[in-house]
Amino acid sequence: MKVNIILFGQLTDITGADTVTLENILDTDNLVSTLHKSYPAFIHSKYVIAVDKKVISENTPLLNNCTVALLPPFSGG
Amino acid sequence: MKVNIILFGQLTDITGADTVTLENILDTDNLVSTLHKSYPAFIHSKYVIAVDKKVISENTPLLNNCTVALLPPFSGG
Amino acid sequence: MTDRKPKNIFVAGPIAPAFIGESIGHHASKTNIGGHSIFLGQVRADMINDQPVKAIEYSTYEAMALEKMHEIREAIFSKYALTCMHVYHSLGRVGAGEISLFVFTSSAHRKAAMDACAETVERIKSELPVWGKELFDNESYQWKENK
Amino acid sequence: MTDRKPKNIFVAGPIAPAFIGESIGHHASKTNIGGHSIFLGQVRADMINDQPVKAIEYSTYEAMALEKMHEIREAIFSKYALTCMHVYHSLGRVGAGEISLFVFTSSAHRKAAMDACAETVERIKSELPVWGKELFDNESYQWKENK
């Protein structure tokens, strides 16, 4: 499956874009390992993964049309 | 000694005035007993005594020109 | 401990919302501030014996209140890393829905401002010689008691 | 638990002090309110590597932030006896000395408003997907980290 990932904050400095698209992704563990291969700088980045606007804490299967976002530490306020 | 006492809040309802003057007063215990004779309603009133703007907690001698104030419970804010 | 002079905190009548906005705006040049904490006391139209409170008329023992407020201010400044503190309290008549107390603290990091504001409000309520007379429509009144 | 709809909290650029004054004034008709608590976040001109922060540029994951803010609001309303709550957060550029966060809670008695305001600010800082980019004079920047 093809997954569009939206990126925020300092993570956009790594990719130079607000979104990246990865191919052949089944779940979030799979997404992370593919991402780390394409963009090694992510290995040392702090971020959490949100699937459909909910932060996940364990491997999560990705369905068609789901929204995946990578969120670096928040700094609002 | 003659002492002028300033009154606030509900205490002014008892005397009908912001100040009362008592004669032959030596200390605050003396002041309270004289006041209670002149205005029995003070016996049932809640108040603290301030001498020269400091709330006192025990019998305090009153000097010439000192300022005595009777303060009912505060309700500012 | 600095030697701040006792400041007047009392204003005649209600504290205007626009004045609060202006006070906030005056801090734009203090670029070491990261957080402001504000408490506002507003007069409630409490029902007492089936009569709504129309207004509170505030009075004070001013000389003592300003001395006490100075003492509170010094204690708060020595306890918290504040940039500044402003306090205003109404005297005279303040209608229901109007503001009678404005406490405003600022600091580099939010916690100091928030804790200092809360503590200042508690001390003002319990230690300042100020009295509120709750006024009703029929010219009757009742002396307010702080809970 | 009421069914409040997710509200937009985001505003473009700084939050004007006059707007804060107006928001306060809108509560004059709510005569069951006795206390308002307000927190304001202001951009600090921190020195970082000998350069002062000129401004912070805020961005968000808006769909998630509004959903999260709705969840925070519902939790705060169910925990505290609030009359109302208003939250505004800047997006885009906010200069040093300008205001980027405005949290405003009101209640009949002061404690609910004060505690609710403090808890809402903490939750916004730790749970809302918002990012600040600290901008310097020489076009360089650094991503802010909340302590």
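A, B, ... follow the sequence lines: proteins, then strands. Residue 1 opens every chain. Computation of the quantities below employed the complete heavy-atom set of this structure, encompassing side-chain atoms and omitting hydrogens, waters and symmetry-equivalent molecules.
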*C:F104/D:I38 under side-chain contact (heavy atoms from CB on, under 4.5 Å): CA gap, chis, key distance, verdict*: CA-CA 9 Å; C:F104 184 6; D:I38 292 174; over 6 Å; no

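At a 4.5 Å heavy-atom cutoff, C:V103 makes no contact with chain D through either its backbone or its side chain. Both the backbone and the side chain of C:A108 come within less than 4.5 Å of a heavy atom in chain D. Contact of C:I20 with chain D is made through the side chain alone, with heavy-atom distances under 4.5 Å. Residue C:I99 touches chain D through its side chain alone, counting heavy-atom pairs closer than 4.5 Å.
The heavy-atom pair separating D:A113 from D:L82 by the smallest distance is CA-CD2, 4.0 Å. Here the shortest heavy-atom pairing between C:I56 and C:G132 reads CG2-CA, 3.6 Å. Smallest separation of non-hydrogen atoms from D:I76 and D:A116: CG2-CB, 3.8 Å. C:I124 and C:I72 make their closest contact through N-CD1, 4.3 Å (heavy atoms, listed as atom of the first residue, atom of the second, distance). When all heavy atoms are compared, the tightest approach of C:V87 to C:M69 is CG2-CE, 3.7 Å.
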Please list every donor-acceptor pair closer than 3.5 Å that links chain C with chain D, giving the two atom names and the distance for each.
from, atom 1, to, atom 2, distance (Å)
C:H27, O, D:Q42, NE2, 3.1
C:K30, O, D:Q42, NE2, 3.2
C:T31, O, D:A45, N, 2.8
C:G34, O, D:Q42, N, 2.9
C:H36, N, D:L40, O, 2.8
C:H36, O, D:L40, N, 2.9
C:H36, NE2, D:Q42, OE1, 2.6
C:I38, N, D:I38, O, 2.8
C:I38, O, D:I38, N, 2.8
C:L40, N, D:H36, O, 2.9
C:L40, O, D:H36, N, 2.8
C:Q42, N, D:G34, O, 2.9
C:Q42, OE1, D:H36, NE2, 2.6
C:Q42, NE2, D:H27, O, 3.1
C:Q42, NE2, D:K30, O, 3.3
C:R44, NH1, D:A108, O, 2.7
C:A45, N, D:T31, O, 2.8
C:A108, O, D:R44, NH1, 2.7
C:R110, NE, D:E122, OE2, 2.9
C:R110, NH2, D:E122, OE1, 2.8
C:E122, OE1, D:R110, NH2, 2.8
C:E122, OE2, D:R110, NE, 2.9

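Using a 4.5 Å cut-off on side-chain heavy atoms (C-beta onward), D:C84 and D:I33 make contact. Between D:V53 and D:F136, some side-chain heavy-atom pair lies under the 4.5 Å cut-off.
Of the listed residues (C:G34, C:A96, C:A45), the one with the most heavy-atom contacts under 4.5 Å to chain D is C:G34. Of the listed residues (C:G35, C:G41, C:A28), the greatest number of heavy-atom pairs within a distance under 4.5 Å of chain D belongs to C:A28.
Expressed to the nearest 0.5 Å, how far CD1 of D:I24 lies from CD1 of C:I24 amounts to 5.5 Å.
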